[in-house]
Amino acid sequence: MPFYDLKCKKCGNEFNIMAKMSDRSENLIKCPVCANNILEPIFKNVNIIKSKNSTNNDCPNIHKCGGCCSHN
Ligand SMILES: [Zn+2]
């Protein structure tokens with residue numbers, strides 16, 4: 001069963017729960033705090049930001065060397 005990162009729209013509680021995909025699609029997952037079943041998924045965008053910035057062409061020392069550190 002997959003894990004879901006969910007946030008309760010009623011009380012704002014964020015929780016991680018393992019549930020069947022059918023449970024999620026049929027809104028059978030409930031907030032453990034208030035038992036509300038209107039939940040929104042939490043998208044952890046760390047990976048998205050990382051992949052955007054994964055251009056290895058930029059010189060990491062560009063502020064020190066002006067981008068010409070290849071010949072030190
Ligand atoms: Zn709740």
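As the structure lists them, so they are numbered: ligands from 1, and atoms in each ligand from 1. Both backbone and side-chain heavy atoms feed into the values below; hydrogens, waters and symmetry mates do not.
- Rounded to the nearest 0.5 Å, atoms CD1 (Ile17) and CZ (Arg24) are 10.5 Å apart.
- Under a 4.5 Å side-chain heavy-atom cut-off, the cluster of Ile, Leu, Val, Met, Phe, Trp and Tyr residues that includes Leu28 has no other member.
- The side chain to side chain contact (heavy atoms under 4.5 Å, CB included) check on Asn13 picks up Cys8, Cys11, Phe15, Cys31, Pro32, Val33, with sequence neighbours excluded.
- Other residues, nucleotides and ligands place more than 12 heavy atoms under 6.0 Å from the CE atom of Met1.
- Taking 4.5 Å as the limit, every side-chain heavy atom of Asn27 sits out of range of all side-chain heavy atoms of Ile38.
- Around the Zn ion (ligand 1), the protein contributes the following N, O or S atoms at distances under 2.8 Å: Cys8 SG, Cys11 SG, Cys31 SG, Cys34 SG.
- Scanning for salt bridge (charged side-chain N to carboxylate O under 4.0 Å, His left out) contacts around Asp5 gives Lys44, with sequence neighbours left out.
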